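Note that the structure is predicted; figures quoted are calculated from it, not measured. Naming: A, B, ... by sequence-line order, numbering from 1 per chain. Just so you know, these numbers use all the heavy atoms, side chains as well, and skip hydrogens, waters and symmetry mates.
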Number of protein chains: 2
Amino acid sequence: MKSKLKKGDYIQNISYDSVIFGFNGAQLKILVLEYHNTGLYALPGGFIRMDEDLDEAVKNGVSKRTGLEDIYLEQYHTFGSLSRSDSAAMKRIIMESGSDLMDCEWMFGRFISVGYYALINYEEVSPKPDELSDSINWYPIDELPTLMMDHEEMVTKALQVLRANFENKLIGMNLLPAKFTMKQLQQVHEAILGEKLRRTTFQRKMLSKDILVRHEKLFQGKAHKAPYLYSFK
Amino acid sequence: MKSKLKKGDYIQNISYDSVIFGFNGAQLKILVLEYHNTGLYALPGGFIRMDEDLDEAVKNGVSKRTGLEDIYLEQYHTFGSLSRSDSAAMKRIIMESGSDLMDCEWMFGRFISVGYYALINYEEVSPKPDELSDSINWYPIDELPTLMMDHEEMVTKALQVLRANFENKLIGMNLLPAKFTMKQLQQVHEAILGEKLRRTTFQRKMLSKDILVRHEKLFQGKAHKAPYLYSFK
DNA sequence: TATTATTGTCTCATATTGTTACAATAATAC
DNA sequence: GTATTATTGTAACAATATGAGACAATAATA
């Protein structure tokens, strides 16, 4: 940690933060971390090395947090208001982490932060806290703890953009296992849109889009007709 | 100019660039400037002061270029690849401007640039070049000169986002005079979408949206029935 | 006063979406 | 085994939205 965050290695005054979405079958959740001994909750974020593409920096950072390699990432907004930076909070976090305050002075200035959201398959991940944080956990999007700085605004905006992008991009794909039932697909859509959808209309629309492959039926151990499994083309 | 761009005043390694859209009644155009004696064409851009919100910095910069006060501005993407920076080009621009190369050394490093697009009423603007540029002119979006660095990618992406936002936001509003005919409104839509629309269907859809106010008829001096004038609610 | 081009609106055809109904069926209860 | 249960897949019809054409209204011009 100490040597990893040396001033000269990073672009000054820029950071990124990530809203990492997962779906547990019923709810849309995001990853939130808690910094050591501070009671401060935050989105996973980081800095950009001088010799690194912005997209690469975010990809590497999110990969490290989740252990996943291929991650659906989308840049959605850059947050640049003066009031968003909070040097006092950053000082506490660095202090409690045991790092040298002098070495980290560059982190206490003003930061413009680029927001990304990620869509990942909930089941494949067991997130691990890093050196700065006590814990990193899934929280349903409507039961988040109070987040530091402008991170709640970041979540709100990420959800907005996710919903706006929803029709064009094939978003369900990234939140589900490779094979899934029509009901699961509908539940993802409902969780993201925040509303109930009509079953028959949803099914017809999905099938008419020519984006799904139908597979063998699932033996699912429930007392009713077994549904087909689908995957994306 | 010399003292205006002092290093300590600005956030290092961050800039903004703007795609300023206007509509002349037939074509969608954007503002492109040419730097002194370099043959380099670029989008209007600038830096962010240490004590200034990102949004404010862009608003002020675009206001200065266009002379307009209330500008519809939308942040659409942040460009952060390593390869986008071109220190040689920046050196030429600064050299030809007569500024001190040493004072401006901070401009030759790597930059992450936040892209904004603006929608303005073409008729109200007579853009003026600043100290660094020979000219600033309107160019139809499909007849642009070759732009420096990644500015062509910036235009492409701006158009993409503009089209994607098109249905939700009331975009025509910002490109037209306060009162306009249905035909003008249709022409804006056609210019942005890049396709012809059916007159009757377009009219029906617009009127059903309950966003327009119908005014008195225009005495327009053409040999046919005069159209109504409309404004946005 | 007739002609012209464009406008505003109507109608009918077609496509899309909402809603209801119902047969198929995999486990469970008996 | 056989009936029961909950859910699934699909069909059928209704309601709504959109595509396409027709036509009367009308402001300037010939």
Quick one: which protein N/O atoms are closer than 3.5 Å to N/O atoms of nucleotides 17-21 of chain D? Pair and distance per line, please.
residue	atom	partner	partner atom	Å
D/dG19	N7	B/R204	NH2	2.8
D/dG19	O6	B/R204	NH1	3.3
D/dA20	OP2	B/R198	NE	2.8
D/dA20	OP2	B/R198	NH2	2.6
D/dG21	O6	B/T200	OG1	3.4

Quick one: which protein N/O atoms are closer than 3.5 Å to N/O atoms of nucleotides 2-4 of chain C? Pair and distance per line, please.
residue	atom	partner	partner atom	Å
C/dT4	O2	B/A223	O	3.0

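The nearest whole Å value for the distance from the CD atom in A/Q184 to the P atom in D/dG9 is 12 Å. What separates CG of A/L229 from P of D/dT8 is a distance of 12 Å, to the nearest Å. Atom NE2 of B/H215 is separated from atom P of C/dG8 by 13 Å (rounded to the nearest Å). In this structure, A/L207 atom CG and D/dA11 atom P are separated by 11 Å, rounded to whole Å. In this structure, CD of B/Q203 is placed 15 Å from C1' of D/dC23, rounded to the nearest angstrom. In this structure, B/K225 places its NZ atom 19 Å from P of D/dT29, rounding to the nearest Å. In this entry the distance linking OH of B/Y228 with P of D/dA25 reads 13 Å, nearest Å. Atom CE of B/M182 is separated from atom C1' of C/dT9 by 12 Å (rounded to the nearest Å).
For D/dG9, its base sits under 3.5 Å from the side chain of A/R199 at one donor and acceptor pair at least.
With rounding to the nearest 0.5 Å, the separation of CD1 in A/I112 from OG in A/S15 is 9.0 Å. Put simply, CG on A/L31 and CZ on A/F21 are 11.0 Å apart, with the number rounded to the nearest 0.5 Å.
Note on A/D53 versus A/K59: no salt bridge recorded, every NZ/NE/NH1/NH2 to OD/OE distance being 4.0 Å or above.
Heavy atoms of other residues, nucleotides or ligands lying less than 6.0 angstrom from CG of A/D142 number more than 12.
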In a table with atom names and distances, give each donor-acceptor pair under 3.5 Å that connects a side chain of residues 151-160 of chain A to protein atoms at least two apart or in another chain.
residue	atom	partner	partner atom	Å
A/H151	ND1	A/L43	N	3.0
A/E152	OE2	A/L147	N	2.7
A/T156	OG1	A/E152	O	3.0

Taking distance alone, no hydrogens or angles, what donor-acceptor pairs closer than 3.5 Å link side-chain atoms of residues 188-201 of chain A to residues at least two apart or in another chain?
residue	atom	partner	partner atom	Å
A/E190	OE2	A/Q186	NE2	3.1
A/E190	OE2	A/L197	N	2.9

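In secondary-structure terms, DNA chain D builds stems of at least 3 consecutive Watson-Crick or G-U pairs, each pair having both distances under 3.5 Å, at C:1-30 with D:1-30.
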**Asked** Going through the checks in order, is the side-chain hydrogen bond (donor to acceptor under 3.5 Å, both in side chains) test met by B/E74 and B/Y72?
**Response** CA-CA 7 Å; B/E74 192 120 351; B/Y72 179 89; 2.6 Å; yes
**Request:** Check step by step if side-chain hydrogen bond (donor to acceptor under 3.5 Å, both in side chains) holds for A/E52 and A/N60.
**Result:** CA-CA 10 Å; A/E52 195 178 33; A/N60 293 337; 3.3 Å; yes
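Listed by chain and number, the residues in a salt bridge (Lys or Arg N to Asp or Glu O under 4.0 Å) with A/K179 are A/E216 (sequence neighbours excluded).
With 3.5 Å as the limit, one finds a donor-acceptor pair spanning the side chains of A/S231 and A/H215.
A cation-pi arrangement, defined by a distance under 6.0 Å to the six-membered ring centre and an angle within 45 degrees of its axis, is absent between B/R214 and B/Y230.
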